[in-house]
Amino acid sequence: MAGPRVGVYLCHCGSNIADKVDMDALREFAAALPDVVVARDYKYMCSDPGQDLIKADIKEHGLERVVVASCSPRMHEPTFKRACLAGGLNPYLMEMANIREQCSWVTTDREAATRKAKALVHSAVNKVRLLEPLQESSVPVEPRVLVVGGGIAGIEAALKIAEAGHKVVLVEREPSIGGNMAKLDKTFPTLDCAACILTPKMVSVAQNPNITLLTYSEVEKVEGFVGNFTVTIRKKARSVDEKLCNGCGTCQEKCPIKVPNEFEEGLGMRKAIYTPFPQAVPNKPVIDRANCTYYKTGKCRVCERFCPPQAIRFDQEDEILTERFGAIIVATGYKLFDPSVAAQWGYGRYDNVITGLQFERLCNASGPTGGKILLKDGREPKAVAILHCVGSRDKNYNEYCSRICCMTSVKFAHLVREKTGAKVYDLYMDMRTFGKQYEEFYNRVVAERDIYFIRGKGAEVMQDPVTGQLLVRVEDTLLGVFREIPVDMVILNAGISPRPDAQEVAQKFGIQRSADGFFLEYHLKLEPMKTANEGVFVAGTCQSPKDIPDTVAQGAGAAAEALKVILLGQVAVTPTTAEVQESLCSGCRVCIPLCPYSAISLDEAKGVAVVNQALCKGCGTCAASCPSGAMRAKHFDNRQLLAQIEGVCADD
Amino acid sequence: MTDETKTPATEWEPKVVAFLCNWCSYTGADLAGISRLKYPANLRIIRVMCSGRVSPAFVLKAFHDGADGVLVGGCHPGDCHYLEGNYKTLKRRLVFERLLEQFGIEPGRLRLEWISGGEGEKFARVATELVKEVRALGPLGSTRERLARADGLTLRAEGGRA
């Protein structure tokens with residue numbers, strides 16, 4: 001009996017594949033495979049004319065199966081599925097052979113690559129002959145979006161969705177939204193003050209009726225799939241009744257306990273009951289129970305005594321909320337690289353060696369010095385060194401460029417000159433001023449007096465043990481000399497690092513991380529917001545180092561992605577699930593405990609296993625364990641995979 | 001590495017079949033390509049949705065059909081797209097190992113690796129190492145004949161049905 005009529009389409013991908021794979025030989029090989037009635041190669045199969053080839057052949061040659069050998073199915077499987085559908089063929093009767101990412105791009109020898117491509121095409125043809133048509137079904141989508149992280153990326157995403165008229169829950173771990181941007185003083189290249197451009201957005205978040213703001217809260221668990229996520233959120237006890245509190249601040253004045261303020265990067269103090277900064281949203285304090293005298297000793301209660309609206313609640317407990325969402329945006333931001341890990345920068349050892357974020361706080365009018373750039377002893381510095389690339393572009397720490405430090409360094413140089421009479425030494429490896437108006441800003445600062453740009457990486461910061469004078473050692477690579485520059489203050493422009501709990505967060509949301517530790521996007525260039533977990537999107541510096549304009553753009557982009565999911569109203573459910581062939585099933589129950597979704601149960605009357613199609617996600621673990629071969633993973637069944645194995649092995 | 005990527009047609013060349021899960025290790029293999037890393041063409045990839053789908057029969061089938069080595073790639077523990085499929089794979093490792101022992105197949109011919117979608121470099125390294133190791137072990141040879149005789153017991157049961 002003749003098998004199904006197979007068409008094979010081989011893509012050159014311009015020269016990406018054709019340079020390494022002999023396309024004529026591959027086509028001849030494919031044409032000779034069993035059941036293949038037509039084999040063609042084409043410059044770009046994904047182009048309209050390429051897809052038209054498939055559609056026309058389905059009709060003309062009566063094709064019942066299609067194999068496309070091209071890039072990864074992760075790239076163009078949906079494209080070719082659509083082409084098949086348009087040509088009148090069930091899209092599940094198409095199989096791809098990945099001869100670009102997994103063949104031409106990874107192989108040096110043309111002959112070897114051609115042989116490998118043949119094996120991969122053979123394998124795909126073997127499988128496609130055994131495929132069966134499948135029908136997709138769909139389920140309704142929960143029309144709400146969860147945004148995790150209330151920095152500028154999350155704020156932007158939440159606002160865009162809410163302004164489009166859709167419901168958003170914004171979860172932020174800290175007592176206030178604002179993120180790292182709220183800590184900044186002025187922002188490059190316009191020198192807008194960060195608060196001036198951020199706080200209106202923060203207030204909009206609080207006021208928008210479509211946004212539910214959950215600060216001092218964390219996502220604990222994420223279950224379900226695109227369109228229907230069930231998320232458990234822990235709303236930590238603030239110890240303050242948010243409805244009663246009017247944000248007057250009396251409690252913070254009266255509280256006797258002072259601890260270093262995280263928001264001030266350790267430079268200022270806060271109380272045990274506190275709002276992290278004056279413009280906090282919401283403007284409701286929290287009690288830091290680890291440092292509060294009442295929680296430690298059972299005594300004090302000063303805040304309670306003085307609170308005018310009587311809003312203090314010492315017995316408040318964490319609330320656990322379970323909410324449903326159609327899409328999730330992860331915008332959890334970054335952590336500044338910690339320069340204390342290496343002794344050469346002197347950070348943590350010398351008083352006047354500070355990070356860029358600490359300098360932002362010093363400059364900030366609401367910061368610990370009221371906006372004055374001062375040394376630890378209260379004097380104004382006479383010379384300041386700024387070091388670029390601290391922890392960035394460094395094989396010992398982070399290999400990547402943090403993208404913001406050149407511009408913040410130039411900005412710092414300008415601010416030092418504006419606020420003090422100090423000389424500035426800016427130590428750079430390369431000056432990267434890539435954004436709109438960035439080069440112009442740099443040119444403007446270069447022309448300022450008493451700023452010395454020295455091309456070289458700050459190698460070491462030392463301190464004279466007697467005079468306390470700081471000394472920065474650098475190789476001036478333009479002059480070809482080593483220099484030791486005496487300064488009073490060193491600003492280490494530490495780079496952007498993934499947050500320390502990035503791995504835990506990635507696992508919670510079912511997303512992955514790239515080698516640098518940031519969250520992995522679906523495609524570096526074309527899908528920067530999507531992740532491998534459909535319906536979960538990323539935005540901002542949790543995905544890669546970015547400046548504010550790029551972060552805002554990605555936040556808005558993620559909002560568009562999330563809106564796309566919830567506005568469609570329906571989400572397709574994969575038909576590639578498992579099913580039981582009842583005549584083969586002995587009812588042994590091996591599969592039942594293996595299913596991660598508890599989708600399998602025993603039909604007591606028939607004595608056979610049954611798969612709940614709505615719960616099954618098609619991993620196929622049950623099928624791999626079924627001793628009688630009764631459990632079948634559709635589209636990846638035993639016959640199909642065994643035939644594929646034969647194909648990859650049979651290339652001699 | 002350059003030695004491994006060249007394959008002169010005259011000499012015996014090892015064959016390695018890799019079963020990779022769609023979400024992590026297959027993506028990692030794609031990233032190796034996107035990063036233009038090189039590894040021997042001797043390794044050929046079959047995509048499964050989850051490493052938990054890889055039945056012992058597939059491993060035997062690969063050796064039976066001419067593979068000299070097999071790689072099973074899944075997500076890192078805790079990262080599985082299907083919550084815990086990779087833990088099932090980890091448990092199944094014992095079955096794999098015992099099966100290989102019974103057929104007299106050296107344990108070095110089968111490798112289980114956790115490779116994330118961000119680990120293109122790791123994928124290329126594992127592929128290169130495994131091909132090198134399998135090359136050192138030499139062709140599977142007479143073991144393959146033993147597998148062929150066992151065909152009726154193991155592979156047909158799976159291959160014949162479903």
Side-chain angles (χ1 to χ4, degrees), chain A residues 72-75 98 100-109 111-113 115-116 119-120 123 503 506-507 510 512-516 520 524 532-533 576 581 584 594 596-597 617-621 623-625 628-633 636-639 641-642 644-646 648-652, chain B residues 2 5-7 9 15 17 22-24 26-27 29-34 36-42 44-50 52-58 61-62 65-67 75 78-85 88 92 116-121 124 127 155 157-162:
Chain A
S72 171
R74 289 175 33 84
M75 183 89 198
N98 184 343
R100 191 180 74 172
E101 283 85 344
Q102 297 181 2
C103 184
S104 69
W105 277 353
V106 291
T107 312
T108 29
D109 183 67
E111 201 184 314
R115 205 157 5 149
K116 181 173 181 180
L120 295 175
S123 165
Q503 181 56 23
Q507 287 188 355
Q512 299 178 41
R513 300 201 298 155
S514 38
D516 52 21
L520 183 66
L524 185 62
N533 195 0
T576 58
Q581 301 170 96
L584 296 176
L594 286 176
Y597 303 99
K617 302 295 169 209
C619 69
T621 302
S625 309
S628 57
M631 188 62 85
R632 193 169 154 266
F636 290 91
D637 77 15
N638 288 343
R639 282 173 64 215
L641 286 170
L642 290 170
Q644 239 188 317
I645 298 168
E646 272 170 33
V648 281
C649 290
D651 64 320
D652 283 341
Chain B
T2 44
T5 53
K6 293 232 168 87
T7 44
K15 232 178 253 173
V17 175
N22 180 59
W23 306 100
C24 296
Y26 191 90
T27 310
D30 272 358
L31 182 61
I34 292 162
R36 307 300 196 278
L37 304 172
K38 303 293 180 238
Y39 59 85
N42 310 53
R44 282 95 200 256
I45 293 164
I46 290 177
R47 179 166 72 133
V48 287
M49 293 313 280
C50 180
R53 177 68 189 96
V54 182
S55 130
F58 296 170
K61 172 73 173 170
D65 284 357
C75 305
D79 284 2
C80 179
H81 187 75
Y82 301 105
L83 313 178
E84 49 193 38
K88 309 285 160 57
R92 207 172 278 146
S116 83
E119 292 177 325
E121 216 164 309
L155 304 181
E158 298 258 352
R161 295 173 192 163

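For the set S123(A), G618(A), G510(A), the entry with the most heavy-atom pairs within less than 4.5 Å of chain B is G618(A). Contact count against chain B (heavy-atom pairs under 4.5 Å) is highest for Q102(A) among M75(A), Q102(A), E101(A), Q644(A). Of the listed residues V54(B), I34(B), T27(B), D30(B), the one with more heavy-atom pairs under 4.5 angstrom with chain A than any other is D30(B).
Residue contact with chain A, scored on non-hydrogen atoms closer than 4.5 Å, is absent for C75(B). In this structure, the portions of V48(B) lying under 4.5 Å from any heavy atom of chain A include both its backbone and its side chain. Contacts of S625(A) with chain B are made by both backbone and side-chain atoms, with heavy-atom separations under 4.5 Å. For a residue to count as touching a neighbouring chain, one of its non-hydrogen atoms must lie under 4.5 Å from one of that chain's; by this rule R47(B) touches chain A with backbone and side chain alike.
For the pair H81(B) and A532(A), the tightest heavy-atom approach, listed with the atom from each and the gap, is CE1-O, 4.0 Å. Between A41(B) and K116(A), the shortest heavy-atom distance links the atoms O-CD, 3.6 Å. Closest of all the heavy-atom pairs between P56(B) and A624(A) is CD-O, 4.1 Å. In plain terms, the two heavy atoms of A62(B) and C649(A) that are nearest each other are O-SG, 3.9 Å.
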key: K88(B) vs L594(A), side chain to side chain contact (heavy atoms under 4.5 Å, CB included): CA-CA, chis, key distance, verdict   = CA-CA 8 Å; K88(B) 309 285 160 57; L594(A) 286 176; 3.4 Å; yes

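With rounding to the nearest 0.5 Å, the separation of CD1 in I45(B) from CG in N98(A) is 7.0 Å. In this structure, SG in C24(B) is found 9.5 Å from CG in L520(A), a value given to the nearest 0.5 Å. S116(B) OG to Q503(A) CD: the interatomic distance, rounded to the nearest 0.5 Å, is 8.5 Å. The OG1 atom of T621(A) sits 9.0 Å away from atom OH of Y82(B), with the distance rounded to the nearest 0.5 Å. From T107(A), atom OG1 reaches atom CG of N42(B) across 9.5 Å, with rounding to the nearest 0.5 Å. Expressed to the nearest 0.5 Å, how far CG of L31(B) lies from CD of Q512(A) amounts to 10.5 Å.
Side chain of R53(B) to main chain of F636(A): a donor-acceptor pair is present (N/O by atom type, distance under 3.5 Å, no hydrogens or angles).
A 6.0 Å sphere centred on CD of E121(B) holds no more than 12 heavy atoms belonging to other residues, nucleotides or ligands.
At a threshold of 4.5 Å between non-hydrogen side-chain atoms, the residues N638(A) and K61(B) do not count as touching.
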